[in-house]
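Below: the structure, in structure tokens.
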Protein chains: 6
Amino acid sequence: MEQSIPNQLPGTIKSITSDKVLSEVIVETSIGEIASIITTRSVQEMNLKPGDKVFALVKATNVSLRRA
Amino acid sequence: MEQSIPNQLPGTIKSITSDKVLSEVIVETSIGEIASIITTRSVQEMNLKPGDKVFALVKATNVSLRRA
Amino acid sequence: MEQSIPNQLPGTIKSITSDKVLSEVIVETSIGEIASIITTRSVQEMNLKPGDKVFALVKATNVSLRRA
Amino acid sequence: MEQSIPNQLPGTIKSITSDKVLSEVIVETSIGEIASIITTRSVQEMNLKPGDKVFALVKATNVSLRRA
Amino acid sequence: MEQSIPNQLPGTIKSITSDKVLSEVIVETSIGEIASIITTRSVQEMNLKPGDKVFALVKATNVSLRRA
Amino acid sequence: MEQSIPNQLPGTIKSITSDKVLSEVIVETSIGEIASIITTRSVQEMNLKPGDKVFALVKATNVSLRRA
């Protein structure tokens with residue numbers, strides 16, 4: 001393991017909505033859609049677009065639980 | 001929708017490891033294991049144990065992306 | 001307890017300011033105003049508007065302290 | 001304003017529970033108890049103890065909402 | 001220490017890009033540029049502008065690690 | 001850029017303090033010490049130890065500012 005972020009969910013970008021500062025990237029995964037907010041600067045520097053394969057990364061301290 | 005946390009991943013608790021203050025709960029989902037750090041107080045008040053059905057909740061601002 | 005987010009502060013929405021991606025919701029509570037940043041998509045799906053009763057949710061790991 | 005963290009809730013420390021790395025500090029406020037997880041190192045360097053007056057600080061991007 | 005946020009990196013504001021709700025502030029430091037997303041309301045209330053001296057604050061629970 | 005986390009600070013691990021669930025890793029950098037809280041499981045899987053070269057990663061939405 002190269003990185004301390006344990007949760008890495010594979011998926012495909014479905015859509016990107018951008019303001020000047022932040023963008024919402026919707027990632028389609030086998031467990032449903034994951035919404036990610038990243039800087040529009042990152043969207044541009046990574047050259048992200050619909051159809052790209054990505055991992056959604058989540059630090060374990062940022063995961064809460066509720067009963068199903 | 002009753003709550004502003006868009007990412008809610010269904011799964012089953014596989015294991016719980018606890019210190020006095022915080023616990024690591026591993027949730028088995030259809031997309032792989034999700035690690036969650038919550039307070040041991042919450043584990044006790046929710047009476048969580050292996051086998052329980054839960055949703056892992058992640059605020060969209062806490063999701064990063066990397067290229068696959 | 002149904003959910004592992006221990007801090008739930010009751011209040012009433014005072015105002016909502018929206019960009020395309022994110023919105024700032026100001027919640028009036030008995031201890032003062034609480035600012036919350038959520039996705040504009042959540043504002044729409046929850047149909048939030050001024051005057052609505054809500055809880056502001058904060059994970060314990062996201063609370064810092066400073067001396068008064 | 002000297003700092004970009006808009007949510008600052010005044011209260012009094014009710015209890016502190018510590019592991020080696022992290023501590024849970026319960027702050028009694030006029031709106032109820034607020035749980036805060038900070039490093040045990042910070043508890044020691046700030047010399048925090050029950051009865052101390054503090055502010056609980058929460059960045060606006062870390063506040064979610066649910067309907068009451 | 002007056003505050004439980006251990007990581008405080010000194011620098012100078014290089015640029016500010018604002019939408020209505022959130023702003024990206026780029027801080028030039030001796031270790032490189034640090035990007036910070038804060039509310040546009042905070043930018044205005046703190047009257048931040050390029051050239052101002054600031055500290056970038058990061059809670060320890062929000063720092064991940066990867067191998068160099 | 002392969003990843004949407006813009007802030008990546010290079011340094012060397014100075015010390016690691018571990019409970020069962022979480023560990024505090026102190027990283028020495030050219031701008032001072034950075035404290036990082038990651039799971040003890042990650043410390044073990046990455047086989048981290050003092051002297052290792054790492055990057056401290058911080059999502060831009062987790063950086064606050066205060067006036068110097």
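Lettering follows sequence order; numbering is per chain, from 1.
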Nearest 0.5 angstrom please: E:Ile37 CD1 to C:Leu22 CG, how far?
9.5 Å

Proximal to chain E - members of residues 42-52 of chain C, heavy-atom separation under 4.5 Å:
none

Inter-chain contacts: residues 53-68 of chain C against chain E, heavy atoms under 4.5 Å
C:Thr61, C:Asn62, C:Val63, C:Ser64, C:Leu65, C:Arg66, C:Arg67

Interatomic spacing from CG in E:Asp19 to CG in C:Asp19 - rounded to 0.5 Å:
4.5 Å

Is E:Thr39 in contact with chain C via its backbone, its side chain, both, or neither, using a 4.5 Å heavy-atom distance?
side chain

Interchain contact, C:Ile26 with chain E, by part (heavy-atom threshold 4.5 Å):
side chain

Do you know which two heavy atoms are closest between E:Val21 and C:Thr17, and how far apart they sit?
CG2-O, 3.3 Å

